S.K.: 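The structure under discussion is supplied below as C-alpha cells; questions concerning it will follow.
Just so you know, ligand 1 is whichever comes first in the structure, and atom 1 is the first atom listed for that ligand. All values reported here derive from a predicted model rather than from experimental measurement. Quick note: numbers below take in every heavy atom, side chains included, and nothing from hydrogens, waters or symmetry partners.
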Amino acid sequence: MRRDPLDFLSRELDALKQQGLYRQLRILDGEQAHTSTFDHRTVVNLSSNNYLGLTTHPRLRERALEAVRQLGVGSGSVRSIAGTMDIHMELERRLAAFKKTEAVVVFQSGFSANAGTVAAVLSKEDVVISDELNHASIIDGARLSRATIKVFPHKDVDAARSIVKDLPAAQRKLLITDGVFSMDGDLGALPDLCALAEEYGCIMMVDDAHASGVFGANGRGTIDHFGVHGRVDIQVGTLSKAIGALGGYVAGSRALIEFLYHRARPFLFSTSHPPAVAAACIAAIDVLEQEPAIIERLWVNTRFFKAGLKALGFNTGLSESPITPVIAGDGALAMKLSDRLFQEGVFAQGIAFPTVARDKARVRTIVTATHTRDELQFALDAFATVGRELGLI
Ligand SMILES: *Cc1c(COP(=O)(O)O)cnc(C)c1O
C-alpha cells in the first residue's frame with residue numbers, strides 16, 4: 001500500500017479538533033436573509049455581509065433573470081479576448097459615475113481586485129506600507145508583487161510616517177488601508193493617511209469592501225464619508241457584500257484602469273462574470289441611487305444593536321460600522337459562544353486565529369437593513385443568556 005503523502009493534513013486537522021477550533025461548514029437552506037435556515041435550524045442571521053438585503057431584492061432578481069434570457073448564462077472568455085460584453089462596460093461606466101472617478105475595472109471578486117491590482121502596480125524594487133489588519137487579499141497581492149512589505153500597527157499613522165520617511169525619496173511607495181476593517185468594524189485613518197501619502201509622494205490605496213453601500217452619500221464609501229475625493233489614487237470595492245451579487249472593482253484614473261486591462265492577471269487569465277451578475281450589480285447601483293432610505297434603515301438597526309450589546313456589558317471593541325465584534329479572548333471560548341448562540345437561535349460566526357490575533361477571538365455580528373426590531377431584540381436576549389452563562393458579562 002502506498003503511504004498517503006497528504007496524511008500530514010489529517011494530523012493538522014486533528015490538532016484543530018483538540019484545540020476546539022475545528023469548524024463544520026454551516027449549510028444554508030434557502031435564501032440568504034435576515035432570518036435564515038442553517039443546518040435545519042431557523043436562526044436570526046448576524047453573519048452575512050448582505051448589509052442591504054440586496055441578495056434577494058426584486059429589482060436585482062428581475063434584471064438578472066432578464067440578462068439570462070437575453071444573453072445566456074456565461075461570458076465564454078476572459079475580458080481581454082472575447083469576454084467583454086456590453087453589459088460589463090455598462091457596469092464599469094455606472095460604477096465610475098457612482099464613485100466619481102474617471103474609470104473603473106471590474107474583477108471576478110474583491111479578492112482578485114486587490115491581489116491583482118497590488119501585484120500589477122508594484123514590482124520588487126517597490127515598497128508596500130500596510131496596516132497590520134489589512135485584508136488577506138492585500139497581503140497576498142503584496143507578496144505576489146515581490147515588493148518589500150512594511151507593516152504598521154493598526155491605524156498608527158505616526159508609525160506609518162516613521163516607516164515612510166526613512167525610505168529613499170526615489171523609491172515607489174504604496175500606502176494602503178482598509179476603509180472599514182472587516183473583523184473589528186472600525187474605519188481606516190483616511191484623512192491622515194492621505195496627508196502622509198501627499199507629503200511623501202506615496203500611491204494611496206483604500207480597500208472599501210465593507211464600506212460600499214454602507215458609508216457616504218448613497219453608499220459611496222469611506223472616501224465620500226471622509227470627503228477625500230481626488231486624494232485616493234486606487235479605490236477597491238466589492239460587489240459581493242452590500243451590493244448583494246459577486247465581484248470586485250478598482251476605481252481610479254483612466255490610465256490606472258487601462259494599465260490594469262493590460263497587466264492585472266485575474267483580468268487577463270480568468271473568465272469574466274456571467275451577464276446576470278453584471279445586470280444584478282447595475283440594478284444594485286439603481287437601488288443605491290434611488291432608494292437611499294434602505295441605507296438609513298441599516299444605520300438605525302446598527303445603532304440599536306450596538307447600544308444593546310454595550311449596555312449588556314460585552315467587550316465590543318472600537319467598531320464604527322454595522323460590524324460589531326463581541327470579543328471573548330480565547331479561541332475555544334469564542335467558538336463556544338457562537339455554538340451556544342446558535343442553539344438559542346442566533347447565528348454569529350466565531351472567528352479565531354489566524355483570522356484575528358490569538359487573544360482576540362470573537363464572534364462577529366453584522367446587522368442588516370432588513371432585520372426587524374423584534375429579531376434584533378431576540379438576538380440581544382440570547383447574547384444576555386449565553387454571555388452570563390459563559391462569564392463574559
Ligand atoms: C470581503 C473582503 C474582500 C474580498 O471581497 P470578495 O468580493 O468577497 O472577494 C476584500 N477586502 C476586504 C476588506 C474584505 O472584507
S.K.: Under 3.5 Å between some N or O of ligand 1 and some N or O of His210?
M.R.: yes
S.K.: If we only count N/O pairs under 3.5 Å, is Val180 in contact with ligand 1?
M.R.: no
S.K.: Between Phe304 and Trp299, is the gap from one ring center to the other below 6.0 Å?
M.R.: no
S.K.: When you check the side-chain N and O atoms of His34 and Glu375, is any donor under 3.5 Å from an acceptor?
M.R.: yes
S.K.: Considering non-hydrogen atoms of the protein only, which is the closest contact for atom 13 (C) of ligand 1, and what is the distance?
M.R.: Asp207 OD2, 3.1 Å
S.K.: Considering the heavy atoms of Thr238, write down every atom of ligand 1 situated less than 4.0 Å from one of them.
M.R.: 5 (O), 6 (P), 7 (O)
S.K.: State whether a side-chain donor-acceptor pair under 3.5 Å links Gln32 with Asn45.
M.R.: yes
S.K.: Is any side-chain heavy atom of Lys241 closer than 4.5 Å to one of Val180?
M.R.: no
S.K.: Quick test: of every protein heavy atom, which one is nearest to atom 1 (C) of ligand 1, and how far off is it to 0.1 Å?
M.R.: Lys241 NZ, 1.4 Å
S.K.: Would you verify whether the NZ or CZ of Arg161 falls within 45 degrees of the ring axis of Phe152 while also being under 6.0 Å from that six-membered ring's centre?
M.R.: no
S.K.: Would you mind checking which non-hydrogen protein atom is closest to atom 9 (O) of ligand 1, with the distance to 0.1 Å?
M.R.: Phe111 N, 2.9 Å
S.K.: When you compare ligand 1 with Ala209, is there at least one nitrogen or oxygen pair between them that comes in under 3.5 angstrom?
M.R.: no
S.K.: Would you say Gly247 touches ligand 1, if touching means a heavy atom closer than 4.0 Å?
M.R.: yes
S.K.: Any idea which protein heavy atom is nearest atom 6 (P) of ligand 1, and the distance to it?
M.R.: Gly110 N, 3.3 Å
S.K.: Is any side-chain heavy atom of Val78 closer than 4.5 Å to a side-chain heavy atom of Phe269?
M.R.: no
S.K.: Would you say the side chains of Lys306 and Thr324 form a donor-acceptor pair under 3.5 Å?
M.R.: yes
